[in-house]
Colleague: 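For reference, the structure I am asking about is given below.
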Amino acid sequence: MKRLLPPLNALRAFEAAGRLGSFKEAAAELHVTHGAVSQQVRLLEDWLDAPLFERHNRRVKLTPAAHAYLKEIGPLFDRLSYATARYGVPETVCRTLLVNAPATFTLRWLVPRLAEFRAAHADVEVQVETSNLPLESLQESYDVIIRGGPDTFYGYSMRPFLTEQRLPVCSPALLREAPLRSPDDLTRHTLLHTSSLPRLWPDWLASAGIPGLRPAGTLTFDHFYLTLQAAVDGIGVAMGPTALVSADLATGRLVAPFAGPRLPSRSYCAYVADEKRGDDIVGLFCAWLEHEGDVFMRRAENP
């Protein structure tokens, strides 16, 4: 006879949330985000075709039927834990590390390097969520939050690990159509902007001594990675952060037509909540970020 079993990850999330009376506390216990617990509980509710919780602001309350269900499955989790302990727990148990970082940084700098971290630390599963929200606006509890800095936030320590500069970049094909021999030649090109970084081009043009330059056109995107992709596709010239366009410059997908000027930029920093500062895995990941940042910057100084 086939067993009637619900999704086990969803069941685990429900049991923790029901026992603790909080999605947030369940997320902390399971080393996942509040949103992940909520999603798994909703999955179980869909599977059962019945609500499990009544939502009350930051707390949740079991429905009467769900309370009875929890009384049945709770002891099963206890028995499973006891049986596993008797059988023997593996020496290395996979640990989940929750990281929040800006989308463009994640796509262009962090993700290409994560395979190396995973290869060296197979017992750590890194889960990355992307966001550009200010640190104090985040609703979830993360192990490591990557943002610009250095800034000071109450209840957090800060570790800078990567610095960069910003300079114009474009595709080689665009240069073949209309060479850029000097900054004045930008009058024949479209300048690519990002809505959240409106001062990049004005500041660079001022540094180049041509603050009143009028380009052939402008195009603005709401996400920085779209701006950089538009540059790769030959649509125009973008202001590229050296850390995020280094791979494109190395492969020739992008070129930097001018030696200077280069705009200084804020550093990338790892912010860690005080209650997680003693966590060995968090410290390990931050040290790895610092190592990778140091390697990148030394290569940039000595190409």
Side-chain angles (χ1 to χ4, degrees), residues 9 12-41 53 55-61 74 77-78 81 85 89-103 105-106 109-111 113-114 117-118 120-162 266-294:
N9 280 339
R12 188 176 179 219
F14 161 70
E15 189 276 335
R19 171 167 43 82
L20 298 170
S22 166
F23 284 11
K24 182 178 180 180
E25 292 178 21
E29 178 177 295
L30 299 176
H31 300 295
V32 298
T33 65
H34 179 285
V37 171
S38 180
Q39 184 179 29
Q40 288 296 323
V41 168
F53 290 97
R55 274 75 169 179
H56 301 284
N57 295 325
R58 296 183 180 273
R59 305 297 296 182
V60 291
K61 180 181 179 182
F77 276 90
D78 293 337
S81 177
V89 179
E91 290 185 6
T92 57
V93 178
C94 189
R95 158 74 189 277
T96 300
L97 186 79
L98 300 178
V99 179
N100 186 287
F105 170 83
T106 300
W109 197 90
L110 184 59
V111 168
R113 291 166 170 78
L114 275 180
F117 180 84
R118 179 62 175 161
H121 308 286
D123 57 330
V124 181
E125 177 185 346
V126 181
Q127 292 186 5
V128 183
E129 292 189 9
T130 61
S131 171
N132 292 320
L133 288 173
L135 183 145
E136 62 269 24
S137 298
L138 294 174
Q139 299 298 313
E140 310 288 353
S141 176
Y142 295 97
D143 295 307
V144 179
I145 301 170
I146 297 174
R147 290 292 187 274
D151 290 326
T152 300
F153 296 97
Y154 177 77
Y156 287 85
S157 62
M158 179 274 301
R159 295 171 67 165
F161 65 89
L162 178 66
R266 304 184 81 204
S267 298
Y268 288 101
C269 303
Y271 296 91
V272 176
D274 288 345
E275 62 266 23
K276 298 180 182 290
R277 288 177 62 182
D279 189 309
D280 290 341
I281 301 301
V282 171
L284 181 71
F285 187 76
C286 290
W288 173 79
L289 286 174
E290 291 171 346
H291 170 75
E292 290 297 315
D294 182 62

Colleague: Residues in side-chain hydrogen bond (donor to acceptor under 3.5 Å, both in side chains) with Asn132, at least two apart?
Modeller: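 Once residues adjacent in sequence are excluded, Asn132 has no partner under the side-chain hydrogen bond (donor to acceptor under 3.5 Å, both in side chains) criterion.
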
Colleague: Can you list the residues that meet the side chain to side chain contact (heavy atoms under 4.5 Å, CB included) rule with Asp143, with sequence neighbours excluded?
Modeller: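 Asp143: side chain to side chain contact (heavy atoms under 4.5 Å, CB included) contacts with Arg95, Leu97, Leu98, Lys276, Val282.
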
Colleague: Suppose we screen for side-chain hydrogen bond (donor to acceptor under 3.5 Å, both in side chains). Which residues come up paired with Asn9, at least two apart in sequence or across chains?
Modeller: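 With sequence neighbours excluded, Asn9 shows a side-chain hydrogen bond (donor to acceptor under 3.5 Å, both in side chains) to no residue whatsoever.
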
Colleague: Looking only at heavy atoms, which two atoms of Pro150 and Arg266 are closest? And how far apart?
Modeller: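 For Pro150 versus Arg266, the nearest heavy atoms are O-NH2, 4.3 Å.
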
Colleague: Restricting to side chain to side chain contact (heavy atoms under 4.5 Å, CB included), what partner residues turn up for Glu15, sequence neighbours left out?
Modeller: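 If we apply the side chain to side chain contact (heavy atoms under 4.5 Å, CB included) test to Glu15, skipping adjacent residues, the hits are Arg19, Leu70, Ile73, Phe77.
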
Colleague: Test: ring-ring contact (aromatic ring centres under 6.0 Å, His included). Region: residues 129-158. Which pairs qualify, not counting sequence neighbours?
Modeller: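 Non-adjacent pairs meeting ring-ring contact (aromatic ring centres under 6.0 Å, His included): Phe153-Tyr271.
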
Colleague: Please report the interatomic distance OG(Ser131) to CD(Glu140), rounded to the nearest 0.5 Å.
Modeller: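 Answer rounded to 0.5 Å: 10.5 Å.
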
Colleague: List for me each residue that meets salt bridge (charged side-chain N to carboxylate O under 4.0 Å, His left out) alongside Glu25, sequence neighbours excluded, and say none if there are none.
Modeller: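 In terms of salt bridge (charged side-chain N to carboxylate O under 4.0 Å, His left out), with neighbours along the sequence ignored, Glu25 is linked to Arg59.
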
Colleague: Locate the shortest heavy-atom distance separating Leu289 from Ala270; write the atom from each residue and the value.
Modeller: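 Taking Leu289 first and Ala270 second, the nearest heavy atoms are CD1-CB, 4.1 Å.
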
Colleague: Which residues pass the ring pair (Phe, Tyr, Trp, His ring centres under 6.0 Å) test with His121, not counting sequence neighbours?
Modeller: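 His121 satisfies ring pair (Phe, Tyr, Trp, His ring centres under 6.0 Å) with Phe117 only.
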
Colleague: Which is it for Cys286 and Val144 under the side-chain contact (heavy atoms from CB on, under 4.5 Å) test, yes or no, and what are the steps along the way?
Modeller: CA-CA 8 Å; Cys286 290; Val144 179; 4.1 Å; yes

Colleague: So do the side chains of Leu114 and Val128 get within less than 4.5 Å of each other, counting heavy atoms only?
Modeller: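 Leu114 vs Val128: side chains touch.
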
Colleague: Carefully, step by step, assess Ile146 and Phe105 under the rule side-chain contact (heavy atoms from CB on, under 4.5 Å).
Modeller: CA-CA 9 Å; Ile146 297 174; Phe105 170 83; 3.8 Å; yes

Colleague: Just jot down the side-chain hydrogen bond (donor to acceptor under 3.5 Å, both in side chains) partners of Glu292, sequence neighbours excluded, or say none.
Modeller: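 Checked Glu292 against side-chain hydrogen bond (donor to acceptor under 3.5 Å, both in side chains); zero matches.
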
Colleague: Could I get the full list of side-chain hydrogen bond (donor to acceptor under 3.5 Å, both in side chains) partners for Arg12, not counting sequence neighbours?
Modeller: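 Listed in chain order: nothing, the list is empty.
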
Colleague: Return the set of residues passing side chain to side chain contact (heavy atoms under 4.5 Å, CB included) with Ser157 (not counting sequence neighbours), or none when no residue passes.
Modeller: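 Residues passing side chain to side chain contact (heavy atoms under 4.5 Å, CB included) with Ser157: Val272, Arg277.
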
Colleague: Under the salt bridge (charged side-chain N to carboxylate O under 4.0 Å, His left out) test, which residues partner Glu290, sequence neighbours left out?
Modeller: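 Counting only residues at least two positions away or on another chain, Glu290 forms a salt bridge (charged side-chain N to carboxylate O under 4.0 Å, His left out) with Arg159.
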
Colleague: Please walk me through it: do Phe14 and Val37 pass side-chain contact (heavy atoms from CB on, under 4.5 Å)?
Modeller: CA-CA 8 Å; Phe14 161 70; Val37 171; over 6 Å; no

Colleague: Taking it one step at a time, do Asn100 and Thr130 satisfy side-chain contact (heavy atoms from CB on, under 4.5 Å)?
Modeller: CA-CA 6 Å; Asn100 186 287; Thr130 61; over 6 Å; no

Colleague: Looking only at atom types and distance, does a side-chain atom of Arg147 sit under 3.5 Å from a main-chain N or O of Leu133, one as donor and one as acceptor?
Modeller: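 Yes.
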
